[in-house]
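Data block below; observations after.
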Amino acid sequence: DNRNTYYSYQIEAIITDSNGETQSSNTYFNIGDTSMALSFYGLSDTSNSLQNMKIMASNLNGFAIEGKGSFEIYSLKSDGEISNTISSKKWILDKLVHSGTFTSNKEIQNLSKKTLESGRYRIIAKTKDDMGREVENQQDFTIATSKDKKPPIPVYQWVMTPSTTV
């Protein structure tokens with residue numbers, strides 16, 4: 001499946017004038033099978049909530065653009081293996097726990113009030129670009145709190161670093 005594929009190109013120009021002085025400049029541009037990309041802001045690998053999470057839309061050169069779409073959050077279940085790291089595990093979609101719509105680059109309404117149990121989840125965001133082509137992105141994350149009595153996922157060792165602000 002080659003959806004959401006894009007390529008980066010660099011153009012470099014070097015010019016020498018009649019006095020032997022050289023000027024150079026370069027620029028980058030991207031092209032792809034869609035004209036935009038989705039990303040997640042405020043969603044870390046391990047968090048205690050989805051507060052302040054946004055779905056960002058940008059053109060292929062990284063500039064923010066307007067977009068509306070839908071998202072789904074699924075709980076994940078382990079493939080049964082215990083691992084040293086979260087990312088090395090294979091996760092299987094379990095059940096849909098929340099869905100809704102989003103406007104890009106804005107906090108998702110009512111998502112911060114949604115309480116998810118401690119565990120591993122996957123968010124899948126979808127929209128269409130200006131040509132009607134589907135654009136999708138997904139990210140896995142873990143919900144955990146310092147009040148949990150056991151790790152939210154099957155791992156050998158679980159350490160949570162408390163967040164502090166100065």
Side-chain angles (χ1 to χ4, degrees), residues 1-6 30 32-163 165:
D1 189 357
N2 289 333
R3 284 190 332 193
N4 300 333
T5 302
Y6 72 94
N30 300 302
D33 60 354
T34 61
S35 61
M36 67 184 297
L38 296 174
S39 60
F40 301 98
Y41 173 83
L43 183 63
S44 60
D45 188 54
T46 303
S47 180
N48 61 4
S49 76
L50 297 176
Q51 191 170 10
N52 302 322
M53 202 272 287
K54 299 176 186 177
I55 298 173
M56 310 298 283
S58 61
N59 65 20
L60 295 183
N61 291 317
F63 296 104
I65 58 174
E66 291 289 317
K68 293 179 185 265
S70 63
F71 69 91
E72 298 173 332
I73 299 175
Y74 291 89
S75 61
L76 300 176
K77 60 183 178 181
S78 167
D79 66 358
E81 281 185 40
I82 297 178
S83 151
N84 290 328
T85 64
I86 295 172
S87 60
S88 66
K89 296 186 70 55
K90 294 184 178 107
W91 296 96
I92 302 162
L93 283 181
D94 188 20
K95 60 184 173 188
L96 178 67
V97 295
H98 189 65
S99 63
T101 59
F102 69 89
T103 300
S104 64
N105 314 317
K106 294 184 180 174
E107 188 175 332
I108 299 172
Q109 297 300 315
N110 299 321
L111 189 56
S112 60
K113 294 179 179 77
K114 177 71 177 167
T115 304
L116 297 175
E117 295 178 10
S118 292
R120 191 78 174 154
Y121 296 89
R122 178 173 297 149
I123 183 168
I124 302 171
K126 296 179 183 179
T127 190
K128 292 192 184 277
D129 72 1
D130 55 356
M131 299 294 287
R133 298 170 291 207
E134 187 169 291
V135 178
E136 179 181 310
N137 195 9
Q138 63 184 22
Q139 183 173 329
D140 292 355
F141 61 96
T142 301
I143 296 289
T145 69
S146 59
K147 297 177 184 174
D148 291 341
K149 301 288 186 214
K150 63 179 186 164
I153 57 171
V155 291
Y156 288 116
Q157 182 178 9
W158 180 262
V159 178
M160 271 194 72
T161 307
S163 61
T165 54

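Here the CD-OG1 distance, from Glu134 to Thr127, works out to 9.0 Å after rounding to the nearest 0.5 Å. Summarising the geometry, atom CD1 belonging to Ile108 is positioned 5.5 Å from atom CD1 belonging to Ile123; distances are rounded to the nearest 0.5 Å. Here the CG atom belonging to Leu76 is positioned 11.0 Å from the OH atom belonging to Tyr74, to the nearest 0.5 angstrom.
Within a 6.0 Å radius of NZ in Lys54, more than 12 heavy atoms belonging to other residues, nucleotides or ligands are found.
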- [ ] Apply the test side chain to side chain contact (heavy atoms under 4.5 Å, CB included) to residues Thr101 and Lys68: give CA-CA distance (whole Å), side-chain angles for both, the deciding distance (0.1 Å), then the verdict.
- [x] CA-CA 7 Å; Thr101 59; Lys68 293 179 185 265; over 6 Å; no
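In this pair, Phe102 and Phe71 present their aromatic rings tilted. The plane angle is within the 30 to 60° band.
In terms of heavy atoms, Phe141 sits closest to Arg120 at C-NH1, 3.4 Å. Taking each heavy atom of Gln139 and Phe40 in turn, the nearest pair found is OE1-CD1, 3.4 Å. Nearest heavy-atom pair across Met56 and Ser104 is C-CB, 4.5 Å. Contact between Ala37 and Val135 at its shortest, heavy atoms only, is CA-CG1, 4.2 Å.
Between Ile143 and Glu117 there is no side-chain heavy-atom pair separated by less than 4.5 Å. Counting only heavy atoms from C-beta outward, the side chains of Ser35 and Arg133 approach each other to under 4.5 Å. By the 4.5 Å heavy-atom criterion applied to side chains, Ser75 and Tyr121 are counted as neighbours.
Applying the salt bridge (Lys or Arg N to Asp or Glu O under 4.0 Å) test to Asp140 and every residue at least two apart in sequence or in another chain returns Arg122.
Of the listed residues (Asp129, Asn105, Asn59, Asp130), just one forms a side chain to side chain contact (heavy atoms under 4.5 Å, CB included) with Ile65, and that residue is Asn59.
Checking side-chain atoms of Asn137 against main-chain N and O of Leu38 turns up a donor-acceptor pair under 3.5 Å.
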